[in-house]
Amino acid sequence: MPTLSPIAPDLLAWFSQNARILPFRQDPTPYHIWVSEIMLQQTRVAAALEYYDRWMKALPTIRDLAECDEEKLHKLWEGLGYYSRVRNLQKAARIVCQEYGGQLPADHKKLLALPGIGDYTAGAIGSIAFHLPVPAVDGNVLRVFSRLYNDDRDIADPKTKKAYTQWVMEHQPPEAPGPYNEALMELGALVCLPNGEPLCDACPLAHLCRARQAGTQNTLPVKKAAKARRIQPVTVLLVKSEQGWLLQRRPDSGLLAGLWQPALFEEELSRQEAADRLASLGISVQLGGPLKPAKHIFSHIEWRMSGWQATAEAAPLPDGYVWADRESLAQQYTLPGAFKAYRPLLETDG
DNA sequence: AACACGGGGGT
DNA sequence: ACCCCAGTGTT
């Protein structure tokens with residue numbers, strides 16, 4: 001592959017004019033960059049912004065994060081998804097307090113060793129917050145480079161990522177690794193768009209782009225098809241007592257670990273079977289009307305939910321179950337987005 | 001190398 | 001209704 005002309009001058013000039021104004025760019029401390037980068041993993045900027053502002057008000061320092069209780073931490077992440085991100089953020093914060101006096105280390109390998117910080121995030125924090133000459137190759141950058149070099153290897157293949165990382169570093173100006181990395185990602189987010197519709201007329205690198213020259217920009221990047229989702233029937237019981245709605249804590253590992261949900265069984269149950277399951281847990285209920293069937297799609301599973309409303313005496317509950325009134329549902333217990341369809345009902349009263 | 005892990009946007 | 005997006009940790 002012949003070398004490509006330098007991209008940094010045009011790229012950085014474009015970035016200086018087109019960078020979005022974002023809260024973590026206004027005050028790019030290592031902690032701000034760290035939290036924003038974790039939030040932005042698999043998450044669009046628009047979705048992360050309100051979470052970021054609320055987070056920094058609640059937990060302005062790494063030490064505040066290290067000392068936060070788990071329930072409050074989950075609540076700050078409620079609806080963002082991939083909840084292991086927030087647990088790893090706190091694990092890492094505790095290590096940073098123990099090992100590094102509460103300051104993130106300005107060292108790529110030490111960053112990479114922290115929970116939740118992998119190749120991409122170590123590179124983003126290292127280059128943006130500490131000005132280290134390291135790569136930060138996310139999906140945007142893979143897309144930009146697949147087109148710049150007109151390269152049709154599968155971007156999900158680690159070998160491809162390694163090759164692109166090499167190219168990224170060949171173009172990185174030593175005096176501006178952070179702006180360069182940010183500019184590549186910003187170009188991918190604003191101009192070199194996915195879904196086969198890049199805005200080449202607005203691209204500062206169009207004159208260098210080999211896909212553009214070959215007319216292949218709409219077919220890149222190439223990636224192999226994802227595996228089909230598993231369909232999972234789910235029976236949900238919305239049980240109300242005088243003390244609120246019945247909630248159940250999910251197991252400490254696996255999907256939606258440690259979060260709260262209405263009573264549910266991950267199988268299709270008849271009305272009678274559902275009541276029997278609750279009774280065998282020591283919770284006796286009177287079943288009411290059926291719930292509107294609802295669907296929730298995770299990347300790997302599709303939940304098809306149906307079930308019933310029910311009422312119960314406000315009796316003592318087994319471990320892992322609580323009665324949650326409207327206030328505690330709003331302030332304390334974290335319900336994942338999967339139950340969005342039942343939120344309005346849960347918020348009626350309790 | 002394959003899989004587990006959420007949620008949102010576009011058409 | 002169906003498509004796409006894509007970091008880190010575990011196995």
Side-chain angles (χ1 to χ4, degrees), chain A residues 33-51 74 76-92 111-126 135-146 154-162 164-165 181 185 188-190 192-199 218-232 234 250-261 266 293-305 334-341 343:
Chain A
I33 297 301
W34 177 28
V35 172
S36 68
E37 290 297 344
I38 299 296
M39 283 186 176
L40 289 168
Q41 290 168 9
Q42 325 290 334
T43 305
R44 283 176 167 69
V45 169
L49 281 181
E50 31 194 315
Y51 286 86
H74 280 160
L76 284 167
W77 210 262
E78 184 177 51
L80 260 186
Y82 287 126
Y83 296 88
S84 65
R85 291 186 290 173
V86 74
R87 287 189 298 274
N88 281 332
L89 210 31
Q90 183 175 51
K91 273 189 206 165
L111 291 170
L112 202 45
L114 293 168
I117 298 184
D119 284 336
Y120 164 72
T121 307
I125 299 172
V137 179
D138 71 349
N140 290 305
V141 177
L142 293 175
R143 187 168 59 254
V144 168
F145 275 76
S146 75
D154 176 7
I155 61 166
D157 185 338
K159 289 195 287 283
T160 306
K161 185 178 163 188
K162 209 166 174 182
Y164 288 17
T165 300
N181 286 343
M185 294 188 270
L190 299 181
C192 196
L193 302 177
N195 300 322
E197 49 174 347
L199 308 177
N218 290 2
T219 71
L220 295 173
V222 169
K223 62 188 138 186
K224 67 167 189 290
K227 215 186 68 171
R229 267 190 293 276
R230 173 168 61 90
I231 295 188
Q232 178 66 59
V234 174
R250 291 184 61 88
D252 286 325
S253 64
L255 184 67
L256 307 172
L259 305 190
W260 295 86
Q261 63 188 18
E266 296 189 13
K295 184 162 75 173
H296 184 78
I297 298 177
F298 303 97
S299 52
H300 56 311
I301 306 170
E302 176 172 332
W303 273 5
R304 293 191 180 167
M305 296 176 280
T334 299
L335 251 74
F339 302 104
K340 200 183 236 175
R343 273 275 185 189

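Computation of the quantities below employed the complete heavy-atom set of this structure, encompassing side-chain atoms and omitting hydrogens, waters and symmetry-equivalent molecules.
- Residue A:Ile155 is classed as having no contact, given no heavy-atom separation below 4.0 Å to the nucleic acid.
- Straight-line distance from the CD atom of A:Glu78 to the C1' atom of B:dG8: 16 Å, rounded to whole Å.
- A:Leu114 comes within contact range of the sugar-phosphate backbone alone, with a heavy-atom separation under 4.0 Å but no base atom that close.
- Here B:dG6 presents its P atom at 15 Å from CD of A:Gln232, a figure rounded to the nearest Å.
- Rounded to whole Å, the distance from CD on A:Glu37 to C1' on C:dT8 is 14 Å.
- Distance from the side chain of A:Glu197 is smallest for B:dT11 among the nucleotides B:dT11, B:dC5, B:dA1.
- Checked against B:dA2, B:dG6, C:dC5, the side chain of A:Lys223 finds its nearest nucleotide in C:dC5.
- As the counterpart of C:dT11, B:dA1 is assigned, both hydrogen-bonding distances of the Watson-Crick or G-U wobble pattern falling under 3.5 Å.
- The distance from atom CG of A:Leu40 to atom P of B:dG6 is 18 Å, rounded to the nearest whole Å.
- When the nucleotides C:dG7, B:dA1, B:dA2 are ranked by their closest atom to the side chain of A:Lys224, B:dA2 comes out on top.
- In this structure, A:Gln232 and A:Leu255 have side chains that are not in contact, with every pair of non-hydrogen atoms separated by 4.5 Å or more.
- Residue A:Lys340 places at least one side-chain N or O under 4.0 Å from the OP1 or OP2 atom of B:dG8.
- Separation of the C1' atoms belonging to B:dG10 and C:dG7 is 22 Å when rounded to the nearest angstrom.
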Legend entry - Test ring pair (Phe, Tyr, Trp, His ring centres under 6.0 Å) applied to A:Tyr51 and A:Trp77, step by step: CA-CA 7 Å; A:Tyr51 286 86; A:Trp77 210 262; 7.4 Å; no
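- Ring-plane geometry between A:Phe145 and A:Tyr164 is classed as tilted, the angle between the planes lying from 30 to 60 degrees on a 0 to 90 degree scale.
- Neither OP1 nor OP2 of B:dA4 sits under 4.0 Å from any side-chain N or O of A:Tyr82.
- By the 4.5 Å heavy-atom criterion applied to side chains, A:Trp303 and A:Glu266 are counted as neighbours.
- Under the 4.5 Å side-chain criterion, counting only non-hydrogen atoms from C-beta, A:Leu259 is not in contact with A:Phe339.
- The CG-P distance, from A:Asn88 to C:dT10, rounds to 7 Å in whole Å.
- Within the structure, a side-chain polar atom (N or O) of A:Arg143 is placed less than 4.0 Å from OP1 or OP2 of C:dA6.
- For A:Ile297 and C:dC3, the CD1 to C1' distance is 10 Å, given to the nearest whole Å.
- Within 4.0 Å of A:Leu256, counting heavy atoms only, lie sugar-phosphate atoms of the nucleic acid but no base atom.
- Electrostatic pairing of A:Glu78 and A:Arg343 counts as a salt bridge here, judged by a charged N lying under 4.0 Å from a carboxylate O.
- For the pair A:Leu255 CG and B:dG7 C1', the computed distance is 12 Å after rounding to whole Å.
- For B:dC5 and C:dC5, the P atoms lie 23 Å apart once the distance is rounded to whole Å.
- Applying the 3.5 Å distance criterion, the base of C:dG7 shares a donor-acceptor pair with the side chain of A:Gln42.
- OP1 or OP2 of C:dT8 has at least one side-chain nitrogen or oxygen of A:Thr121 nearer than 4.0 Å.
- Heavy atoms of A:Ala257 sit nowhere under 4.0 angstrom from any nucleic acid atom.
- Nearest to the side chain of A:Arg44, among B:dA2, B:dG7, B:dG6, sits B:dG7.
- Taking atom NE2 on A:His296 and atom P on C:dA1, their separation rounds to 16 Å, with Å as the unit.
- Residues A:Gly79 and A:Asp157 each lie close to DNA chain B; by heavy-atom proximity, the contact nearer the 5' end of the strand is made by A:Asp157.
- Remark: the separation of the C1' atoms in B:dA2 and C:dA6 is 15 Å, to the nearest Å.
- Toward the 5′ end of DNA chain C lies the nearest nucleotide of A:Ser84, the other residue of the pair A:Lys91 and A:Ser84 mapping further downstream.
- A close approach under 4.0 Å does occur between a side-chain nitrogen or oxygen of A:His300 and OP1 or OP2 of B:dC5.
- Remark: of the listed residues A:Lys161, A:Gln41, A:Glu37, A:Glu37 is the sole one forming a side-chain hydrogen bond (donor to acceptor under 3.5 Å, both in side chains) with A:Tyr120.
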